[in-house]
Amino acid sequence: KHKDSPIREARDEIANIVRNIFMEDDDYRDQFVEKGGVSFFIKQLNAAGDSEPEAQVDAIHSLTLLMDVDGAGEINEDIVDQLNKAGVDAKLQGMEDTKSVYLKEAIKDLRKMLSGKTTDEEVKRCSKLWKKHQICSPCEHFAPVAALSLFL
């Protein structure tokens with residue numbers, strides 16, 4: 001529904017809201033994935049490739065947090081497989097030519113997670129960093145499961 005808005009900024013805000021919801025509970029993350037959330041975030045990354053670095057970092061941020069299971073440093077291998085099959089690593093390679101140090105670091109971290117060459121401690125570090133930079137808190141006006149249904 002709203003995830004297909006022709007306005008990139010609206011899709012970006014929806015991505016931020018649902019990301020904040022699924023970070024609250026692994027059940028919400030599972031429902032998000034079941035409802036096509038991985039492909040939504042892949043579309044966000046593809047659309048962000050031509051955007052400002054901030055939009056690119058947000059898209060990478062969403063994918064990084066989606067892969068980390070409960071902030072424990074465990075990577076969800078099913079999601080990694082979906083991202084690899086969708087060619088996310090190639091998209092990230094194409095985004096590396098940037099002046100933004102923050103974006104370069106985010107790309108490096110996500111590519112390392114996708115390649116399986118990261119430790120649990122590195123995944124935890126990435127997740128803590130991303131959570132610290134969250135723009136908004138989870139939506140308090142909706143029950144999280146209902147909110148996921150509204151956006152997807």
Side-chain angles (χ1 to χ4, degrees), residues 1-49 51-86 88-89 91-92 95 100 102-103 105-116 118-152:
K1 300 167 190 163
H2 299 293
K3 69 180 174 109
D4 297 320
S5 171
I7 303 167
R8 183 191 56 80
E9 292 84 359
R11 291 189 316 270
D12 291 348
E13 288 305 314
I14 290 166
N16 286 336
I17 290 168
V18 294
R19 179 185 67 223
N20 289 332
I21 291 170
F22 77 63
M23 286 175 50
E24 288 299 303
D25 189 290
D26 282 341
D27 289 336
Y28 301 155
R29 178 191 323 263
D30 293 344
Q31 288 182 38
F32 178 70
V33 171
E34 287 171 19
K35 293 178 182 278
V38 175
S39 64
F40 172 60
F41 279 164
I42 291 169
K43 287 178 189 173
Q44 286 301 105
L45 179 68
N46 289 335
S51 305
E52 294 294 316
E54 183 178 320
Q56 294 172 331
V57 168
D58 266 352
I60 292 169
H61 178 181
S62 295
L63 291 170
T64 301
L65 290 171
L66 186 63
M67 286 192 303
D68 183 18
V69 178
D70 197 24
E74 245 180 84
I75 294 178
N76 183 318
E77 294 299 330
D78 292 335
I79 294 173
V80 170
D81 288 343
Q82 289 181 55
L83 297 177
N84 283 327
K85 286 177 185 172
V88 168
D89 188 62
K91 181 65 177 179
L92 293 170
M95 295 168 70
S100 169
Y102 193 56
L103 177 57
E105 187 69 22
I107 291 168
K108 182 184 90 175
D109 288 342
L110 182 53
R111 290 191 68 208
K112 197 170 183 182
M113 290 172 81
L114 290 172
S115 72
T118 188
T119 65
D120 289 353
E121 289 305 312
E122 289 173 315
V123 175
K124 286 180 192 176
R125 180 191 59 80
C126 289
S127 291
K128 284 179 185 174
L129 174 70
W130 288 124
K131 288 175 185 175
K132 188 166 62 169
H133 292 287
Q134 264 181 245
I135 302 169
C136 60
S137 61
C139 183
E140 297 171 1
H141 304 290
F142 301 106
V145 175
L148 283 173
S149 297
L150 286 173
F151 296 119
L152 296 174

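Nothing fancy with the numbering, it's 1 onward along the sequence.
- Nearest heavy-atom pair across F41 and L63 is CB-CD2, 3.6 Å.
- The shortest side-chain heavy-atom distance between E13 and N16 falls under the 4.5 Å cut-off.
- N46 CG to K43 NZ: the interatomic distance, rounded to the nearest 0.5 Å, is 10.0 Å.
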Let's go through E24 and N20 carefully: what are the C-alpha distance in whole Å and the side-chain angles of both, what is the deciding distance for side-chain contact (heavy atoms from CB on, under 4.5 Å) to 0.1 Å, and is it a yes or a no? CA-CA 7 Å; E24 288 299 303; N20 289 332; over 6 Å; no
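- A pairwise comparison of heavy atoms in D58 and R19 identifies O-NH1, 3.6 Å as the closest pair.
- Checking each of Q56, E52, K108 against L103 for a side chain to side chain contact (heavy atoms under 4.5 Å, CB included) leaves exactly one that passes, namely Q56.
- Contact detail for L114 and V80: the closest heavy-atom pair is O-CG1, 3.8 Å.
- The minimum heavy-atom distance linking M95 with I107 is given by the pair O-CD1, 3.5 Å.
- Ring orientation note: the planes of F40 and F32 are nearly perpendicular, at an angle over 60° on the 30°/60° scale.
- With a 4.5 Å cut-off on side-chain heavy atoms, L45 and L92 count as touching.
- Annotation: the span from M67 atom CE to L65 atom CG amounts to 9.5 Å, rounded to 0.5 Å.
- Between the CD1 atom in I60 and the NZ atom in K91 there is a gap of 10.5 Å [rounded to 0.5 Å].
- Minimum heavy-atom separation, A86 to I42: CB-CD1, 3.5 Å.
- For the atom pair CG of D30 and CG of N76, the computed distance is 8.0 Å after rounding to the nearest 0.5 Å.
- The heavy-atom pair separating R29 from L66 by the smallest distance is NH1-O, 3.1 Å.
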